[in-house]
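In what follows, a structure is listed as structure tokens, so that the remarks can point back to it.
The shown structure was predicted, so the numbers you read here are calculated from the model rather than taken from an experiment.
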Amino acid sequence: MEVLGREGKRAMDAAERSMVEAVRAVWAERTGNPGPDVEDNFFEIGGTSRLIASVRLALAARLEREVPLVAFYRYQNVRALARYLAHGDADSDQPGEKGRPAVDGRRQRELRVAARAALRKVD
């Protein structure tokens, strides 16, 4: 049975709260702005491909684990990304969120190429 919090949303467990703190802290470090609200869409609050690539690298270093770049495109807010990082994608047998198509192989390659290009510009 799921525990619902305010506004009928599933309450976060300790692992998700820890991931929320990590994502918000890294976002704040990379942007110089306070971390986003858990429901803020990364791209609507100024996230660019270059910034997302930078946040991904810093988050992976902080968590000491791989964080797929495509996760930021599939899970576009802190709550969704934290849930994915804490528990994986338990709602579906396939990559991607339940009810949303997964990013196909070609698109994944395009995203990787764009991320690498953005990182080269940052260096």
Ala28 and Gly35: which non-hydrogen atoms are nearest, and at how many Å? CB-N, 3.8 Å
How about Val78 and Arg24: do any of their side-chain heavy atoms sit closer than 4.5 Å? yes
How would you list, by chain and number, every residue that makes a side chain to side chain contact (heavy atoms under 4.5 Å, CB included) with Arg17, sequence neighbours excluded? Met12, Ala14
In this structure, CG of Leu81 is separated from CZ of Phe42 (nearest 0.5 Å) by 5.0 Å
Decide yes or no for Asn33 and Trp27: does some side-chain heavy atom of the first lie under 4.5 Å from some side-chain heavy atom of the second? no
Please check if the side chain of Arg30 supplies one atom and the backbone of Ala25 the other of a donor-acceptor pair under 3.5 Å. no
Between atom CD1 of Ile52 and atom CG of Leu57, what is the distance when rounded to the nearest 0.5 Å? 11.5 Å
Mind listing the closest non-hydrogen atom pair of Ala71 and Tyr84 along with its distance? CB-CE2, 3.7 Å
Do any N or O atoms from the side chain of Asp37 and from the backbone of Asp40 form a donor-acceptor pair under 3.5 angstrom? no
Which heavy atom of Val20 sits nearest a heavy atom of Ala82, and at what distance? CG2-CB, 3.5 Å
Please give me the minimum heavy-atom distance between Leu63 and Ala22, naming the atom from each residue. CD2-CB, 4.0 Å
Apply salt bridge (Lys or Arg N to Asp or Glu O under 4.0 Å) to Glu66 and list each qualifying residue two or more places apart in sequence or on a separate chain. Arg56
With Glu21, which residues qualify under salt bridge (Lys or Arg N to Asp or Glu O under 4.0 Å), at least two apart? none
Just verifying a value: how many Å separate Ser18 OG and Leu85 CG, rounded to the nearest 0.5 Å? 10.0 Å
Heavy-atom check, side chain of Val23 versus side chain of Leu59, under 4.5 Å: yes
Return the minimal non-hydrogen interatomic distance between Ala53 and Leu69, and the atom names on each side. CA-CD1, 4.2 Å
Please report the interatomic distance CE(Met19) to CZ(Arg79), rounded to the nearest 0.5 Å. 15.5 Å
Quick check: Phe43 with Tyr73 (ring centres under 6.0 Å apart)? yes
Mark yes or no for whether Ser54, through its side chain, and Arg50, through its backbone, hold a donor-acceptor pair below 3.5 Å. no
